[in-house]
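Both ligands and their constituent atoms are indexed starting at 1 by order of listing.
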Amino acid sequence: MVQKNLIDGEWIAGSEAFRNINPSDTNDVVGEYARASAEDARAAIAAAKAAFPAWSRSGILERHAILRKTADEILARKDELGKLLSREEGKTLAEGIGETVRAGQIFDFFAGECLRLAGEVLPSARPNIGVEITREPIGVVGIITPWNFPIAIPAWKIAPALCYGNTVVFKPAELVPGSSWAIVDILHRAGLPKGVLNLVMGKGSVVGQAMLDSPDIHAITFTGSTGTGKRVALASVEHNRKYQLEMGGKNPFVVLDDADLKVAVEAAVNSAFFSTGQRCTASSRLIVTEGIHDRFVAAMGERMKGLVIDDALKAGTQIGPVVDESQLNQDTDYIAIGRQEGAKLAFGGELLKRDTPGFYLQPTLFTEATNAMRISREEIFGPVASVIRVKDYDEALIVANDTPFGLSSGIATTSLKHATHFKRNADAGMVMVNLPTAGVDFHVPFGGRKGSSHGSREQGRYAAEFYTTVKTAYTLA
Ligand code: NDP
């Protein structure tokens with residue numbers, strides 16, 4: 001059965017369909033999904049525009065109830081939805097279920113935020129005049145998401161968009177439509193009026209582009225690559241629309257001489273290799289001071305030997321496959337580039353064979369890397385990390401900040417002085433001390449600086465900044 005697009009409250013088949021393939025077993029077809037056309041995207045945008053006046057004035061209890069019901073169903077079905085996610089994306093079942101729970105928590109959080117909408121009342125500078133400051137919805141929000149978090153990223157964009165009274169046109173990555181289809185189905189059945197949320201699965205170059213080109217989309221929130229982010233930005237400037245971008249990272253993880261070695265290795269292995277390194281918050285630059293360098297590299301090697309890389313759904317798997325062939329080629333190209341550049345391939349780097357045909361790659365660690373190498377400057381987006389040796393903390397901080405990106409930054413140290421200094425001086429949106437660079441809770445701001453992000457933060461109460469517009473209203477008393 002082909003899973004359809006949702007346009008103006010109707011499930012629409014369209015003229016084409018595409019297959020969702022399991023990267024752990026390419027013989028396994030997860031499902032078939034309707035491929036929207038540019039015309040479908042325009043119909044979805046028109047439906048969202050028509051639905052906006054009523055939804056933007058809907059009662060907070062209606063919005064609360066729909067978001068709450070959605071959260072409850074996602075959480076009740078976490079094992080089934082987590083399995084679907086792992087099957088289509090390739091992260092382990094534990095990671096898939098964890099991500100699904102996070103999506104449920106996000107809907108639950110924003111169900112609460114509907115009830116907490118507040119403004120400000122201030123005295124004017126002039127006597128007998130009052131000023132009210134309120135937040136209003138923006139209009140039609142376009143949501144474009146990547147493949148690496150198929151349920152959490154759609155959740156953290158859709159939930160606040162609806163909570164604050166916007167209507168939505170949502171385009172998930174074509175590689176992983178299953179989880180997105182499932183949450184749209186849940187929201188639809190939870191009672192959203194027609195046209196409030198529209199799903200258009202299909203190609204970015206067709207459906208996404210039709211969204212960028214439409215004057216009737218008032219805001220676009222995008223997560224994905226830097227290249228597509230730039231297109232979103234340029235088109236948004238053209239249409240004078242609000243936009244928010246979350247793009248790549250080249251996140252540093254600093255290990256100081258005084259680090260607890262076990263804590264440092266656990267955090268580094270998690271940062272670099274879990275979720276197959278396919279997280280924008282993954283750390284691919286391990287910046288290590290010389291006093292601990294050799295012990296750290298040896299301990300990483302020992303730890304990496306024990307990692308279980310296999311089918312994402314198998315019990316005991318710690319690292320699943322790469323998401324598809326093209327990403328696998330990108331990873332192996334960078335491994336070749338690292339060797340050509342003179343970094344030492346210390347561990348891993350081999351393609352692996354498992355019981356089923358899939359995109360299995362051994363986690364890979366380079367040593368003797370410099371921060372000038374391409375493997376240290378460009379996002380690889382796979383289980384590939386390099387160790388950069390530095391003299392001391394001061395040099396480590398300079399190297400950590402010497403990157404076009406600025407999403408997440410981590411340090412392993414037992415020194416309060418260095419931890420405090422690093423939190424203050426790391427040029428990143430998120431900083432972790434003795435913890436992996438990835439792993440931000442559902443209720444706190446997520447986002448970065450420099451080439452990693454543009455616009456206000458996602459998640460938590462900070463999301464209101466993007467999904468609302470402020471109004472200042474005066475009344476003569
Ligand atoms: P892409 O930028 O290729 O895709 C992201 C989304 O944009 C997809 O839905 C894609 O559609 C769509 N898209 C592609 N072309 C266009 C277009 N011309 N107009 C509108 N939309 C378009 O990135 P990936 O999904 O391949 O994700 C990997 C990259 O994203 C990595 O570089 C990673 O760092 C970054 N990323 C950043 C995150 C962050 O929070 N900072 C989080 C996750 C990933 P389709 O794929 O269906 O063609």
Residue-level breakdown please: for Phe446 versus ligand 1, do any non-hydrogen atoms fall below 4.0 Å on the side chain, on the backbone, on both, or on neither? side chain
Of the side chain and backbone of Glu379, name the one, both, or neither that has a heavy atom under 4.0 Å from an atom of ligand 1. side chain
Chi angles and distances behind the salt bridge (Lys or Arg N to Asp or Glu O under 4.0 Å) call for Glu246, Arg457: CA-CA 9 Å; Glu246 291 298 342; Arg457 290 289 184 264; 5.4 Å; no
Considering Ile143, Val232, Thr228 one by one, which has a heavy atom nearer to atom 22 (C) of ligand 1 than any of the others? Thr228
Arg377 bridged to Asp402 by N-O distance under 4.0 Å: yes
In this structure, atom 28 (C) of ligand 1 is nearest to the protein heavy atom Phe381 CE2, 3.7 Å
Region of Leu175 engaging ligand 1 - heavy atom pairs below 4.0 Å: neither
Taking non-hydrogen atoms only, is Arg231 closer than 4.0 angstrom to ligand 1 via side chain, backbone, both or neither? side chain
Just to confirm my output: which protein heavy-atom neighbour is closest to atom 12 (C) of ligand 1, and how far is it? Ile144 CG2, 3.7 Å
Which residue supplies the protein heavy atom nearest to atom 18 (N) of ligand 1, what is that atom called, and how far is it? Gln209 OE1, 3.1 Å
Atom indices of ligand 1, in the order listed, that fall short of 4.0 Å to a heavy atom of Thr145: 6 (C), 8 (C), 9 (O)
Does a donor on one side chain and an acceptor on the other come within less than 3.5 Å for Lys157 and Thr221? yes
Report the distance from atom CZ of Arg279 to atom CZ of Phe149, rounding to the nearest 0.5 Å. 6.0 Å
Contact atoms of ligand 1, heavy-atom distance to Gly202 under 4.0 Å: 47 (O)
Would a search of protein heavy atoms around atom 4 (O) of ligand 1 find one under 4.0 Å away? no
Salt-bridge test for Arg42 and Glu39: reply yes if a basic N is under 4.0 Å from a carboxylate O, no otherwise. yes
Would Asp185 and Arg189 pass as an ion pair if we require N to O under 4.0 Å? yes
Out of Gly229, Gly204, Ser205, Gly451, who is nearest to atom 48 (O) of ligand 1 when you count heavy atoms only? Gly204
For atom 41 (N) of ligand 1, the protein heavy atom that lies nearest, with its residue and separation: Met247 O, 2.0 Å
Min over Cys280, Pro146, Ser180 of heavy-atom distance to atom 38 (C) of ligand 1 lands on Cys280
How close does the nearest protein non-hydrogen atom get to atom 35 (C) of ligand 1, and which residue and atom is it? Gly224 O, 2.9 Å
Point-to-point distance, once rounded to the nearest 0.5 Å, from CG of Asn425 to CD1 of Ile398: 11.0 Å
Side-chain donor-acceptor pair present, Gln340, Arg374, cut-off under 3.5 Å: no
Taking the six-membered ring for Trp, are the ring centroids of Trp156 and Phe109 within less than 6.0 Å of each other? no
Nearest-option assignment for atom 11 (O) of ligand 1, heavy atoms, candidates Lys203, Arg35, Glu174, Lys171: Lys171
Can we say Lys344 and Glu368 salt-bridge, meaning some charged N sits less than 4.0 Å from an Asp/Glu carboxylate O? no
Counting heavy atoms only, which of Pro177, Gly249, Ser225, Ala152 is nearest atom 2 (O) of ligand 1? Ser225
Mind checking whether Trp147 contacts ligand 1 via backbone (N, CA, C, O), side chain (CB onward), both or neither, at a 4.0 Å heavy-atom cut-off? both
Hey, can you tell me if Tyr33 and Phe18 have their rings parallel, tilted or perpendicular (30° and 60° cut-offs)? tilted
Determine, for Glu10 against Lys4, whether the closest basic-nitrogen to carboxylate-oxygen distance falls under 4.0 angstrom. no
Taking 4.0 Å as the limit for heavy-atom contacts, which would you say applies to Thr223 with ligand 1: side chain only, backbone only, both, or neither? both
